[in-house]
Structure formats: C-alpha cells, structure tokens
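Here's the structure, in structure tokens; my notes come after.
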Amino acid sequence: RFCVISKPGGMLVHRNREINKEDRVFLLQTLRDQLGRQVFLVNRLDRATSGLMVVAFDSETCALLQASLQSDSAEKEYVVVCRGRTESVFERRRPL
C-alpha cells in the first residue's frame, strides 16, 4: 500500500515555480513512470534536502500515514551534518 524511497538532494519532488530549464527529472513523475500507477506523497522534503520519503499507492493509505506522522506519538529522527563541534547527542526544538 506504500513504499519508502531515498530522495537525493537537489531533486525536485514535483513540477512547481522553482523549475529551471535544466530541470528534467522530477521524483513524482519518475515514480509514476517506473511503477505504472498514481502515487500520493505522504511527507515532503525541500529540493536541497536528501532523505526518506513515504509514497502511498492510494489516497486512503496516504491520509492514514499522514495522520500517523502528525500524531504526538510519532517519533522522527533527523541527522544533521554541520561544521564545528556539538555534543554527541543533543535535542533541538526549534528549526535548524
């Protein structure tokens, strides 16, 4: 009912106002072409961001997964690459 994919940084997820003439590969269109079916994005990532994306194969599954990710019981973990020194483990409750 869904799949998890690894989106590379620099790739647009779908066509939008950020399109440059050089942009020819879009994640959603590539998935539709490869899978031969409509897909529904469960989460979003900015163009520059690499990471995991969840894609549902029907709107019901998409809605259920989105609700699960928005619930207070959902745990998300992010890995950040930065310059300088930080504590080996830290928690940040504001945007990075």
Side-chain angles (χ1 to χ4, degrees):
R1 298 184 46 167
F2 69 94
C3 67
V4 178
I5 58 167
S6 178
K7 183 189 100 53
M11 177 184 267
L12 279 172
V13 174
H14 51 78
R15 296 177 189 275
N16 62 34
R17 289 179 286 225
E18 292 182 33
I19 295 176
N20 297 322
K21 291 180 182 179
E22 300 82 33
D23 290 327
R24 291 194 169 87
V25 178
F26 304 93
L27 182 71
L28 269 182
Q29 189 59 53
T30 301
L31 283 173
R32 286 182 192 129
D33 293 347
Q34 289 178 348
L35 299 173
R37 64 192 306 177
Q38 187 173 9
V39 293
F40 301 81
L41 288 177
V42 174
N43 64 319
R44 297 158 52 146
L45 290 177
D46 292 337
R47 176 187 198 142
T49 306
S50 62
L52 299 178
M53 294 193 69
V54 182
V55 179
F57 299 136
D58 59 76
S59 59
E60 287 179 43
T61 301
C62 183
L64 288 170
L65 291 171
Q66 286 174 335
S68 295
L69 286 175
Q70 292 172 3
S71 77
D72 291 336
S73 62
E75 291 186 29
K76 299 176 186 177
E77 185 173 317
Y78 299 88
V79 177
V80 178
V81 178
C82 61
R83 292 184 180 166
R85 295 178 184 241
T86 64
E87 298 174 29
S88 60
V89 175
F90 66 95
E91 185 174 319
R92 178 83 172 166
R93 294 195 173 267
R94 294 186 353 206
L96 293 173

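Because the structure is a prediction, the values reported are computed rather than measured.
- For K7 (side chain) and R47 (main-chain N/O), a donor-acceptor pair under 3.5 Å exists by modelled atom type.
- Contact of the V55 side chain with the L35 side chain is not registered, since no non-hydrogen atoms from C-beta on lie closer than 4.5 Å.
- Counting heavy atoms from C-beta outward, F57 and V39 have side chains that approach closer than 4.5 Å.
- With rounding to the nearest 0.5 angstrom, the CG atom of L12 is 12.0 Å from the CG atom of L45.
- When the side-chain contact (heavy atoms from CB on, under 4.5 Å) test is applied to S71, the partners found at least two apart in sequence or on another chain are S73, A74.
- The minimum heavy-atom distance between G9 and S50, with the atom names listed, is N-CB, 3.4 Å.
- When atom types are taken as modelled, the side chain of D46 and the backbone of A48 share no donor-acceptor pair closer than 3.5 angstrom.
- Here the closest non-hydrogen pair linking Q66 and L41 is NE2-O, 3.2 Å.
- Clustering of Ile, Leu, Val, Met, Phe, Trp and Tyr side chains at separations under 4.5 Å places L65 together with F2, V4, V42, L52, V54, L69.
- Distance check, rounded to the nearest 0.5 Å: NZ of K76 to CG of N43 gives 8.0 Å.
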